[in-house]
> 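Before we start, here is the structure in question, set down as C-alpha cells.
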Amino acid sequence: MSSLSTPAHQQFLRKRSPRSTPRSGSPTGEGGSAKSSPHRILVLGSGNFGSCLADHLATSDLIVDVWLWSRDAATVKSLNEDHKNPKYLTDHVFPEWLKAIGPELPDKEFLKTMDMLLFAIPTPGLRKFLENISPLLDQDNLPLLAFVNKGIEAKTKALTLEIISDTLGPKAARQSTFISGPSFAKE
C-alpha cells in the first residue's frame, strides 16, 4: 500500500480549482461559496532543497499556505521583501505569498496551526534541531511530519528515523513520512 493512501496524506492531494483561486487563505468555489480552508505547511530549512520545495508547494495547485523557516535573519528579510533567497537559488524569484519566518523557531501556538511540518534540515544538524523544537510540539496532536534529509548521523551512525525516535519519541517516528529521490547535493 502506498504511503500516500493514508487519510493524513490524502488531505494534501485535494486540488485547488480553478488556478485563479485567491491565495489569501479562503479558496472559493463557483458562485463564491467557501470551499475547504487551505492546509498550512511549514518548511523548516531554507537551503536549496527546502527553498525549492517551499516554492513548489506555494506555486502548486494544492490548497495550501506555505511558510519557510530560516535560521538566517537576512534570508528571512530578503525572502519577505525581495522574494529572493540570497544564498540559494539566487536568481529565482519566489512568490509573494510564500512567507518566511525566523531566525527564532516558531512558537508553540503557531506550530499548533500547522497541518504539515516539512523538515529540510541536513542530517548532521537534525538531532539538535529536533531537540530544540520538541518542547514546542503537541505530542498528542502532531501534524504530518515529513523529512527530506538523507544519510546517517556521523557520530552515532543513526538513521533519520532513529534520530526522530530519540528526540521526538517513538509515536512521532511512527507517524513520520520520508521523501527521497534526487537532490541538489553537490557531492
> Is any side-chain heavy atom of S51 closer than 4.5 Å to a side-chain heavy atom of F94?
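Of all side-chain heavy-atom pairs linking F94 with S51, at least one is under 4.5 Å.
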
> Provide the closest heavy-atom pair for G50 versus V43 in the form atom of the first, atom of the second, distance.
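Nearest pair, atom of G50 first, then V43: O-CG1, 3.5 Å.
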
> In terms of hydrophobic clustering (I, L, V, M, F, W, Y; side-chain heavy atoms under 4.5 Å; direct or indirect links), are I101 and V76 co-clustered?
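Shared cluster, no.
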
> Looking at every non-hydrogen atom in both residues, tell me the closest pair between S46 and T75 and how far apart they are.
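Nearest pair, atom of S46 first, then T75: OG-CG2, 3.8 Å.
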
> Check whether any side-chain heavy atom of P143 lies under 4.5 Å from a side-chain heavy atom of D115, and answer yes or no.
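P143 vs D115: side chains apart.
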
> If I take atom CG from residue L98 and atom NE2 from residue H83, how far apart are they, to the nearest 0.5 angstrom?
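If I round to the nearest 0.5 Å, the distance is 9.5 Å.
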
> Quick one: side chain to side chain donor-acceptor pair (under 3.5 Å) partners of N132, sequence neighbours excluded?
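Expected list: none.
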
> Kindly compute the distance separating CG (D55) from CG (L79), expressed to the nearest 0.5 Å.
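Result: 10.0 Å between the selected atoms.
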
> Decide yes or no for L62 and H39: does some side-chain heavy atom of the first lie under 4.5 Å from some side-chain heavy atom of the second?
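A side-chain contact under 4.5 Å is absent here.
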
> Look at atom NZ of K171 and say whether more than 12 heavy atoms of other residues, nucleotides or ligands are closer to it than 6.0 Å.
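Atom NZ in K171 is crowded, with more than 12 foreign heavy atoms closer than 6.0 Å.
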
> Quick one: does K108's side chain get under 4.5 Å of P135's, heavy atoms only?
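Counting from C-beta outward, K108 and P135 never come under 4.5 Å.
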
> Between CG of L53 and CG of N48, what distance do you get to the nearest 0.5 Å?
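If I round to the nearest 0.5 Å, the distance is 10.5 Å.
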
> Answer yes or no: is there a donor N or O on one side and an acceptor on the other, between the side chain of N80 and the main chain of A100, under 3.5 Å?
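Yes; at least one donor-acceptor contact below 3.5 Å.
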
> Would you mind listing the cluster partners of L159? Hydrophobic ones only (ILVMFWY), side-chain contacts under 4.5 Å, chaining allowed.
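Taking Ile, Leu, Val, Met, Phe, Trp and Tyr as members, L159 shares its hydrophobic cluster with I152.
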
> Between the side chain of S60 and the main-chain N/O of L57, is any donor-acceptor distance below 3.5 Å?
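Checked: pair present.
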
> Taking only residues two or more places apart in sequence or in another chain, which ones pass salt bridge (Lys or Arg N to Asp or Glu O under 4.0 Å) with K87?
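If we apply the salt bridge (Lys or Arg N to Asp or Glu O under 4.0 Å) test to K87, skipping adjacent residues, the hits are D72.
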
> What I'd like to find out is whether the side chain of P95 reaches to under 4.5 Å of the side chain of T59, using heavy atoms alone.
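A side-chain contact under 4.5 Å exists here.
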
> Spell out, as yes or no, whether a donor-acceptor pair under 3.5 Å connects the side chain of T113 to the backbone of F110.
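Yes; at least one donor-acceptor contact below 3.5 Å.
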
> Please assess I164 against L130 for the test side-chain contact (heavy atoms from CB on, under 4.5 Å), listing each intermediate value before the final yes or no.
CA-CA 7 Å; I164 297 165; L130 293 178; 4.0 Å; yes

> May I ask you to say whether E131 pairs ionically with K128, meaning some side-chain N is under 4.0 Å from a carboxylate O?
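No salt bridge links E131 with K128.
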
> Could you check whether any side-chain heavy atom of L136 comes within less than 4.5 Å of a side-chain heavy atom of P106, counting everything from C-beta outward?
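Heavy-atom side-chain distance check fails, nothing below 4.5 Å.
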
> For A172, is there any backbone N or O sitting under 3.5 Å from a side-chain donor or acceptor partner on S176?
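Yes; judged by distance alone, with no hydrogens or angles, the pair exists.
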
> Within the distance-only criterion (no hydrogens, no angle test), does the side chain of T90 pair as donor or acceptor with the backbone N or O of P86 below 3.5 angstrom?
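Flag not set: sc T90 to bb P86 has no pair under 3.5 Å.
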
> Indicate yes or no for a side-chain donor-acceptor contact from W69 to the backbone of E104 under 3.5 Å, with no hydrogens or angles considered.
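Yes; at least one donor-acceptor contact below 3.5 Å.
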
> Atom CG in L89, atom NZ in K84: separation rounded to 0.5 Å?
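Separation between the atoms: 11.0 Å.
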
> Working to the nearest 0.5 angstrom, can you tell me the gap between L144 CG and L117 CG?
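Nearest 0.5 Å value for the CG-CG distance: 8.5 Å.
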
> Using modelled atom types only, decide if a donor and an acceptor are shared between the side chain of S78 and the backbone of A74 within a distance under 3.5 Å.
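No, because the side chain of S78 does not come within donor-acceptor range (under 3.5 Å) of the backbone of A74.
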
> Hey, quick one: are W97 and V93 part of the same hydrophobic cluster, counting side-chain heavy atoms closer than 4.5 Å, chains of contacts allowed?
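Shared cluster, no.
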
> Quick check: are there more than 12 heavy atoms from other residues, nucleotides or ligands sitting under 6.0 Å from CZ of F129?
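Atom CZ in F129 is crowded, with more than 12 foreign heavy atoms closer than 6.0 Å.
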
> Heavy-atom distance under 4.5 Å between the side chains of L44 and I133, does that happen here?
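SC-SC contact between L44 and I133 confirmed.
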
> Just verifying a value: how many Å separate R127 CZ and I121 CD1, rounded to the nearest 0.5 Å?
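One gets 15.0 Å once the value is rounded to the nearest 0.5 Å.
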
> May I ask you to decide if the ring planes of F147 and F119 are parallel, tilted or perpendicular, using 30° and 60° as cut-offs?
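Ring orientation of F147 relative to F119: parallel.
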
> Does a side-chain heavy-atom distance below 4.5 Å link V64 with M116?
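They are not in contact (no side-chain heavy atoms under 4.5 Å apart), so the answer is no.
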
> Tell me whether the count of non-hydrogen atoms from other residues, nucleotides or ligands lying under 6.0 Å of NE2 in H92 goes above 12.
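Counting other residues, nucleotides and ligands, NE2 of H92 exceeds 12 neighbours.
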
> Is the backbone of E153 close enough, under 3.5 Å, to the side chain of T123 for a donor and an acceptor to pair up by distance?
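No: the side chain of T123 does not pair with the backbone of E153.
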
